[in-house]
Amino acid sequence: MKTKFEKEEGWIKVPVDLKVYPLQSIHSAGYVFMDRANVKLEEEKKDLVAVWLKPKKEKQDLESLALEFTDELLNYTHYFSSLKTNADN
């Protein structure tokens with residue numbers, strides 16, 4: 001399955017569904033990416049956030065950057081879910 005991301009003037013948009021990924025995970029993944037990309041968050045509509053990434057190195061492939069961001073997003077979602085589960089036990 002190939003994911004299609006919107007590209008605009010050196011930026012790539014990663015749409016994130018807030019019903020799947022909590023805002024805390026989006027912020028955390030964005031923070032991790034600050035050393036390699038400029039990060040902008042925009043509210044698109046209810047329950048949807050657009051994460052815009054622009055690599056700091058010109059040679060960086062935009063799609064690879066977006067896919068790495070989604071991996072980091074999943075990582076933080078799992079991390080915060082595990083924290084909650086462990087705190088509840």
Side-chain angles (χ1 to χ4, degrees):
M1 177 171 105
K2 183 163 177 142
T3 305
K4 293 193 177 186
F5 300 104
E6 183 181 328
K7 297 175 189 171
E8 186 177 304
E9 297 180 17
W11 290 81
I12 189 160
K13 179 172 91 170
V14 180
V16 181
D17 188 336
L18 291 171
K19 292 180 271 182
V20 178
Y21 299 103
L23 192 56
Q24 184 178 26
S25 297
I26 299 169
H27 288 158
S28 297
Y31 181 76
V32 168
F33 265 66
M34 286 175 44
D35 65 332
R36 54 187 148 159
N38 295 304
V39 180
K40 289 192 309 186
L41 303 178
E42 293 179 351
E43 182 179 21
E44 292 245 301
K45 55 186 175 184
K46 185 179 182 202
D47 295 326
L48 188 64
V49 171
V51 179
W52 287 91
L53 303 169
K54 183 175 186 177
K56 291 186 177 179
K57 293 181 181 176
E58 287 187 32
K59 302 272 184 195
Q60 173 77 41
D61 178 62
L62 290 176
E63 294 226 2
S64 294
L65 186 69
L67 290 171
E68 289 171 21
F69 182 83
T70 60
D71 289 346
E72 199 65 51
L73 188 57
L74 182 58
N75 176 51
Y76 274 101
T77 301
H78 172 71
Y79 172 76
F80 290 121
S81 175
S82 295
L83 277 181
K84 183 176 177 357
T85 299
N86 290 336
D88 291 344
N89 289 331

Of the non-hydrogen atoms in L53 and A66, which two are nearest, and what is the gap between them?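 Here L53 and A66 meet closest at CD1-CA, 4.2 Å.
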
Exercise: identify the closest heavy-atom pair between T77 and V20: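 Looks like CG2-O, 4.3 Å.
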
Pairs flagged by salt bridge (charged side-chain N to carboxylate O under 4.0 Å, His left out) wherever residues 45-59 is involved - sequence neighbours left out: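 Counting only pairs at least two positions apart or across chains, no salt bridge (charged side-chain N to carboxylate O under 4.0 Å, His left out) contact touches residues 45-59.
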
Salt bridge (charged side-chain N to carboxylate O under 4.0 Å, His left out): which pairs involve residues 65-83, sequence neighbours left out?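 For residues 65-83, and leaving out neighbouring residues, the salt bridge (charged side-chain N to carboxylate O under 4.0 Å, His left out) pairs sorted by first residue read R36-E68.
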
Residues in side chain to side chain donor-acceptor pair (under 3.5 Å) with [X], at least two apart?
| X | answer |
| --- | --- |
| S81 | none |
| N38 | none |
| S28 | none |

Is there any ring-ring contact (aromatic ring centres under 6.0 Å, His included) pair reaching into residues 18-69, and which pairs are they, with sequence neighbours excluded?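 The answer is F33-F69.
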
For residues 5-17, please give each side-chain donor-acceptor pair under 3.5 Å, one per line with the distance, not counting sequence neighbours.
residue: E6; atom: OE1; partner: K13; partner atom: NZ; Å: 3.2
residue: K7; atom: NZ; partner: E63; partner atom: OE2; Å: 3.4
residue: K13; atom: NZ; partner: E44; partner atom: OE1; Å: 3.3
residue: K13; atom: NZ; partner: E44; partner atom: OE2; Å: 3.3
residue: D17; atom: OD1; partner: K19; partner atom: N; Å: 2.8

Please check if L48 and L73 belong to a single hydrophobic cluster, counting links between Ile, Leu, Val, Met, Phe, Trp and Tyr side chain heavy atoms closer than 4.5 Å.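 No.
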
Nearest 0.5 Å please: distance from the OG1 atom of T70 over to the CG atom of L65.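 The OG1 atom of T70 sits 10.0 Å away from the CG atom of L65.
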
